[in-house]
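What follows is a single structure, written as structure tokens, with notes after it.
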Amino acid sequence: MLYAASLISNVVAPPLVYVLGLRFSLFLGAFFYAIYMSAFFHLTSWYLYSGAIADGLVSGLMWTAVGQYMTLNSNERTVGRNSSLMYMIIMSGTLWGGVFLVVMFGSKSDRDISLSTQYILYSVFTAVSLLGGLIFLMLPNPPEDRNEKKKLDDDQPRNHWGEVLEELYKSARLVITFDFLLIAIPSAFTGIELSFWVGVYPTSLSFTKSFSMNTNVMIALNCISVGLGELLGGLIFGVFGKKQTSVGRYPFMWLGTALSIVAYIAIWLNIPGPASFEETYEISVIHPNIALALICGFLLGFFDCCINSMIYPYISVQFEGQTKQAFALSKFFHSALSAVCLFYGSVFSIQVQLSILLVGTIISSISYTYGERRYHAKQRRFILESESSGRPLAQTISSISSESFHKL
């Protein structure tokens, strides 16, 4: 239900972010996530489902605002570094969350998690969400966002419905372009890979009873491994942010793709097929190995950081002036495929799901590579036209996005 609500949210996110502003949109995302977490204090169906729907409805606002805020605080040379560091900080919660779970679970058996332990877990999650929301409210407004807000305040009278319809129209025009289709494919795939490493893979570890370890601790250690992969990925792509501008981002995309394929093969060898939907003592090709399972979690985290760190600067650079719409649509496809993956995740064997991931990874990298090379080809053509026509080079470069994506 959360992802279904998120689909709706991402459709209307651009005009709502435009009206509410970046900081308040970010705050709403954190606040309603805290509302959702609080539903686990006293589980009732209506509160849990209502919280999930409410969280989904504002998640599109938050992620659209995240991308827009990062874009407004970056330029073409720094956007790769900033997006990598931003995503690393976001996903570092996986690392600290894993450490927290290890401390909380300790030596408790799989079915020995007390009610008091659950209260502590969700109290911390709720408090962290609320604290994050307050920090969002204290963020400085980027210059362009301040100018946009001032324009909204100065333009009297304001036609709110006109603004909403205009933003929706921009989204509708963008989504049918070939250039956006090229980034929509990897954006959609991030929904599948996220659902796999967040839901399917930890569940498979828990259901594989041949591991010689308490599976609660196993899941917590996997969170730490994934978080370390995210952290290392963010540091690497942040340090080499300028290289992304000079040599292109698609080589880094293929690096992540290669490592993810290694992870898929290792998981296929290590985890039995039925473990994705039921407890099993079966053995796959090899006897389940704890170290190998944690290495696979690390590689999944590294690839998740890689693909997301490449998508953010791609959208920021190639859809300049349309970033709110592009980020919202990107998250729309992400949410759609996440929902699909959550549906078949409890039905298909892990080998079938790994096959889907393998094909999706390769197709996404091909689409990303073609889209980036296509964009750089347009840049070179514009520069050549500028040199032949005597048009100032700076003026040509600054207008590449607005002209090329609508006319070519």
Side-chain angles (χ1 to χ4, degrees), residues 67-68 70-72 74-84 87 170-190 236-238 240-258 260 303 306-330 332-334 359-408:
Q68 180 73 352
M70 187 273 297
T71 299
L72 293 178
S74 308
N75 55 45
E76 188 168 354
R77 291 185 61 83
T78 62
V79 68
R81 178 202 65 193
N82 292 350
S83 64
S84 300
Y87 199 75
K170 290 178 182 178
S171 298
R173 287 189 58 187
L174 181 62
V175 75
I176 61 175
T177 63
F178 181 67
D179 294 290
F180 184 78
L181 173 64
L182 293 173
I183 197 59
I185 293 173
S187 295
F189 177 72
T190 60
I236 291 176
F237 302 129
F240 291 101
K242 292 184 178 180
K243 287 290 185 182
Q244 296 179 26
T245 304
S246 58
V247 304
R249 297 184 179 90
Y250 66 89
F252 295 93
M253 186 76 160
W254 282 104
L255 170 63
T257 297
S260 70
F303 176 62
C306 174
I307 188 170
N308 283 282
S309 295
M310 297 303 108
I311 288 175
Y312 275 98
Y314 183 109
I315 291 176
S316 298
V317 172
Q318 298 203 30
F319 298 99
E320 185 180 351
Q322 300 173 295
T323 51
K324 286 196 296 289
Q325 293 78 17
F327 280 119
L329 291 170
S330 173
F332 173 86
F333 289 104
H334 167 94
V359 174
T361 302
I362 295 172
I363 292 176
S364 296
S365 296
I366 292 173
S367 178
Y368 186 96
T369 301
Y370 181 71
E372 187 178 44
R373 292 177 66 88
R374 173 183 166 91
Y375 174 77
H376 289 307
K378 290 178 179 180
Q379 276 190 322
R380 290 192 293 270
R381 194 173 77 186
F382 268 74
I383 291 171
L384 290 174
E385 290 178 356
S386 173
E387 292 175 347
S388 62
S389 64
R391 186 183 184 185
L393 182 59
Q395 181 183 352
T396 300
I397 294 175
S398 65
S399 63
I400 284 177
S401 297
S402 60
E403 294 186 18
S404 64
F405 284 96
H406 291 292
K407 296 183 178 179
L408 298 181

Where the side chain of [X] meets the backbone of [Y], is there a donor-acceptor pair that is under 3.5 Å apart?
X: S260; Y: T257; answer: yes
X: S367; Y: S364; answer: no
X: S74; Y: M70; answer: yes
X: Q325; Y: L174; answer: no
X: T369; Y: S365; answer: yes

[Y] and [X], any side-chain heavy atoms less than 4.5 Å apart:
X: D179; Y: K378; value: yes
X: F332; Y: V175; value: no
X: H334; Y: N308; value: no
X: R81; Y: T78; value: yes
X: P186; Y: I311; value: yes
X: R249; Y: F237; value: no

What's the separation between atom [atom1] in [X] and atom [atom2] in [Y], rounded to the nearest 0.5 Å?
X: L182; Y: S187; atom1: CG; atom2: OG; result: 11.0 Å
X: N75; Y: N82; atom1: CG; atom2: CG; result: 8.0 Å
X: T177; Y: L329; atom1: OG1; atom2: CG; result: 9.0 Å
X: I185; Y: F180; atom1: CD1; atom2: CZ; result: 11.0 Å

When every non-hydrogen atom of E372 is compared with those of Q318, the smallest separation belongs to CA-NE2, 3.8 Å
For P313 and S83 the tightest heavy-atom approach is CD-OG, 3.2 Å
Could you go through the side-chain contact (heavy atoms from CB on, under 4.5 Å) check for I366 and W254 one step at a time? CA-CA 9 Å; I366 292 173; W254 282 104; 3.9 Å; yes
Test item: side-chain donor near acceptor, T71 and T323, under 3.5 Å | no
Paired with Y314, the ring pair (Phe, Tyr, Trp, His ring centres under 6.0 Å) test is passed by just one of Y368, Y250, Y375, namely Y368
Just checking F327 against Y312, ring centres under 6.0 Å apart?
yes
Which word best sums up how the rings of F178 and Y370 line up, parallel for under 30°, tilted for 30 to 60°, or perpendicular for over 60°?
perpendicular
